Protein chains: 2
Amino acid sequence: MTAEFPVKATHTSARVLRTVAEADGVGVSELARRVDLSKSAVHKHVQTLTALGYLTREDDDYHLGLALFELGTAARDRLPVYEAALPAIDRLADVSGGVATLLVYESGRAVAVAQTRANGSLSPPIREGDGGPLHATAGGKTILAYRPDEEVERLVADGLDAVTQKTITDGDALRRELQSVRDRRVAFDREEYAEGWQAVASPITDSEQQAVAAISVSGPTERMSGKTLEEDITGLVVSAAKSIENDLL
Amino acid sequence: MTAEFPVKATHTSARVLRTVAEADGVGVSELARRVDLSKSAVHKHVQTLTALGYLTREDDDYHLGLALFELGTAARDRLPVYEAALPAIDRLADVSGGVATLLVYESGRAVAVAQTRANGSLSPPIREGDGGPLHATAGGKTILAYRPDEEVERLVADGLDAVTQKTITDGDALRRELQSVRDRRVAFDREEYAEGWQAVASPITDSEQQAVAAISVSGPTERMSGKTLEEDITGLVVSAAKSIENDLL
DNA sequence: AACGTATGTTCACTCATCGAGAACGGCGGG
DNA sequence: CCCGCCGTTCTCGATGAGTGAACATACGTT
């Protein structure tokens with residue numbers, strides 16, 4: 001048995017969870033349609049997940065339950081880089097006036113694990129708990145630059161989806177970009193993930209020069225113009241990431 | 001079939017998750033011992049949970065995966081009270097110099113959903129993502145005071161565990177305490193949950209006067225002495241909770 | 001007011017599957 | 001060198017996950 005999900009029922013429950021997360025507030029019938037299962041089967045899953053606290057019932061609609069928040073918090077708190085980076089991103093947000101984010105790499109994805117917004121800053125396209133594509137964000141690109149070549153090639157082979165018109169979709173362009181990231185330990189995102197949003201990021205690597213995480217500062221294009229972004233803020237982000245990296249060794 | 005967990009395999013996977021959360025970094029054999037299953041069965045669960053991103057493998061040890069953080073964040077973000085209370089708890093922490101916490105009630109438990117610490121404040125006994133007993137914390141007691149009597153009676157019948165020597169363990173004492181909470185919309189925790197820690201809390205109720213959440217400020221006993229706690233800070237907490245409550249109507 | 005159709009819930013039934021147990025290869029300590 | 005532990009794989013049998021039909025209930029329409 002070399003299936004990807006040896007325990008099918010668990011996989012099904014996970015699909016139910018994911019569906020509830022997407023369509024917040026759904027009933028059994030609607031859920032059964034979306035996951036393509038019989039009402040009775042879904043009913044059993046929903047009942048189990050509710051008893052576990054993974055779901056919560058309001059009237060006849062289900063929502064994600066706070067037991068997931070407990071587990072999720074534990075998943076975040078165990079990361080050494082989280083505690084180490086917290087003060088730094090607070091300070092970064094403060095002095096830059098933008099949004100500072102800690103992205104953590106895990107099995108092919110980068111998740112925004114902590115985020116601080118300067119007061120008055122707008123809501124960024126990637127928020128705490130979101131996972132972003134590795135080729136289309138500043139943080140993702142810094143991480144990718146410090147991952148094995150095979151991983152990059154796999155990504156390229158799978159196809160680089162265009163998120164905006166400026167997203168890098170060409171393999172060679174990406175490879176060049178990653179090389180330049182390795183030269184300077186910085187990546188920029190010039191509206192490659194969201195129109196009107198830019199970002200700078202720098203990687204946090206382990207002792208084998210493998211990416212563990214990335215720190216980024218982002219903001220709306222009109223507020224973070226070329227000079228400020230590429231000179232002042234860039235320096236701050238790079239040195240913050242380096243300093244966290246040293247703390248972790 | 002009126003079992004509590006109709007889908008047994010999902011329940012089992014949940015037990016695996018909980019066990020991994022408790023003993024961070026465990027292998028298959030250790031896990032099999034703790035959940036009392038065969039190695040092969042645990043292996044299957046761990047494999048599916050890893051494929052789902054709910055677990056992550058480091059060497060041969062498993063840890064909670066960031067997919068749980070994604071779900072957990074979504075579970076928190078959907079709560080209207082969360083967004084509404086964020087600025088208030090930031091401000092509360094700032095002016096009080098202590099730790100401000102938003103506790104949300106869900107199916108018999110109260111979970112710390114957001115927490116802000118004044119800079120320099122110590123690490124509190126209940127942290128973001130933790131669930132606390134309803135009878136032994138300030139926030140828990142305010143919530144309990146605005147829940148149906150049956151729920152209180154059920155809790156009393158199940159037995160009020162002593163967390164510290166000062167925890168309320170007597171049913172009548174609890175009932176009296178809750179009545180006084182209803183009079184003033186405040187509860188205090190005088191080292192009932194952790195030695196050396198005190199707290200004030202005030203409830204956030206819905207249009208039917210049912211507790212939805214609670215706001216609390218806590219700090220070490222020596223820093224939050226009687227007068228400051230019971231007069232200055234109390235007023236701030238009560239009015240903050242009231243103001244959030246109004247925003248939600 | 002009676003209908004039609006949506007919902008959530010319960011019930012037998014059946015085949016796939018979850019879990020047990022034994023066996024394998026690999027690693028590390030005595 | 002070998003014993004013991006580890007993670008992984010296999011076969012196999014009991015059980016439980018999922019189906020589909022039936023039920024009660026609520027709602028909007030005719």
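Chain letters run A, B, ... following the sequence lines, proteins first, then strands; residues in each count from 1. Computed from a prediction, not measured in an experiment: that's the story for all the values here.
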Provide, to the nearest angstrom, the distance between the [atom1] atom belonging to [X] and the [atom2] atom belonging to [N].
X	N	atom1	atom2	answer
B:Asp61	D:dG7	CG	P	8 Å
A:Gln47	C:dT10	CD	C1'	10 Å
B:Asp60	C:dG26	CG	P	14 Å
B:Glu30	D:dG7	CD	P	9 Å
A:Leu31	D:dG18	CG	C1'	15 Å

Legend entry - Any pair counted as side chain to side chain donor-acceptor pair (under 3.5 Å), so long as it reaches residues 124-140 of chain A, sequence neighbours left out: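 The answer is A:Glu128-B:Arg76.
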Would you give me the side-chain donor-acceptor pairs under 3.5 Å for residues 3-12 of chain B, sequence neighbours excluded?
residue	atom	partner	partner atom	Å
B:Thr10	OG1	A:Ser13	OG	2.6
B:Thr12	OG1	B:Lys8	O	3.0

Legend entry - Test side chain to side chain donor-acceptor pair (under 3.5 Å) applied to A:Arg175 - qualifying residues, sequence neighbours left out: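 Counting only residues at least two positions away or on another chain, A:Arg175 forms a side chain to side chain donor-acceptor pair (under 3.5 Å) with A:Glu153, A:Asp172.
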Legend entry - side chain to side chain donor-acceptor pair (under 3.5 Å) partners for B:Asp24, two or more places apart: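 In terms of side chain to side chain donor-acceptor pair (under 3.5 Å), with neighbours along the sequence ignored, B:Asp24 is linked to B:His63.
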Legend entry - From CG (A:Asp61) to CG (A:Leu55), nearest 0.5 Å: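 So the CG of A:Asp61 and the CG of A:Leu55 are separated by 11.5 Å.
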Inset, instruction - Would you mind reading off the bend of the helix from C:dA1-D:dT30 to C:dG30-D:dC1 from its two end axes, five pairs each, to 10 degrees? - result: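 One end axis against the other gives 30°.
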Atom pairs and distances, side-chain donor-acceptor, residues 240-249 of chain A, under 3.5 Å, sequence neighbours left out:
residue	atom	partner	partner atom	Å
A:Lys242	NZ	A:Glu245	OE2	3.0
A:Glu245	OE1	A:Arg185	NH1	3.1
A:Glu245	OE1	A:Thr205	N	3.0
A:Glu245	OE1	A:Thr205	OG1	3.2
A:Glu245	OE2	A:Thr205	OG1	3.2
A:Asn246	ND2	A:Lys242	O	3.4

Legend entry - By side chain to side chain contact (heavy atoms under 4.5 Å, CB included) - contacts of A:Ala74 (at least two apart):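 A:Ala74 satisfies side chain to side chain contact (heavy atoms under 4.5 Å, CB included) with B:Leu64 only.
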Inset, instruction - With a 4.0 Å heavy-atom cut-off, tell me which residues in residues 16-29 of chain B come close to DNA chain D, sorted by residue number. - result: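 Residues of residues 16-29 of chain B that come under 4.0 Å of DNA chain D are, in numerical order, B:Gly27, B:Val28, B:Ser29.
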Inset, instruction - Tell me, please, which residues at least two apart from B:Arg15 pass salt bridge (Lys or Arg N to Asp or Glu O under 4.0 Å). - result: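 B:Arg15 satisfies salt bridge (Lys or Arg N to Asp or Glu O under 4.0 Å) with no residue once adjacent residues are dropped.
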Legend entry - Contacts of A:Arg154 that satisfy salt bridge (Lys or Arg N to Asp or Glu O under 4.0 Å) - sequence neighbours left out: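 Listed in chain order: nothing, the list is empty.
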Enumerate, atom names and distances included, each donor-acceptor pair closer than 3.5 Å involving a side-chain atom of residues 28-36 of chain B, sequence neighbours excluded.
residue	atom	partner	partner atom	Å
B:Glu30	OE1	B:Arg33	NH1	2.7
B:Glu30	OE2	B:Arg34	NE	2.9
B:Glu30	OE2	B:Arg34	NH2	3.2

Inset, instruction - Could you encode protein contacts along nucleotides 15-25 of chain C as a string, one character per nucleotide from 5' to 3', using B for base contact, S for sugar-phosphate-only contact and - for no contact, with a heavy-atom cut-off of under 4.0 Å? - result: --SBBBB----
Legend entry - Any A:Arg33 side-chain N or O less than 4.0 Å from OP1/OP2 of C:dA6: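 So the side-chain polar atoms of A:Arg33 never come under 4.0 Å of the phosphate oxygens OP1 or OP2 of C:dA6.
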Inset, instruction - Please check the phosphate of C:dG8 (OP1 and OP2 only) for any side-chain N or O of A:His43 closer than 4.0 Å. - result: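 The answer is no; no side-chain N or O of A:His43 sits under 4.0 Å from OP1 or OP2.
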Legend entry - Heavy-atom neighbours of B:Arg147 CZ exceed 12 at 6.0 Å: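 Yes, CZ of B:Arg147 has more than 12 neighbouring heavy atoms, counting only those of other groups under 6.0 Å.
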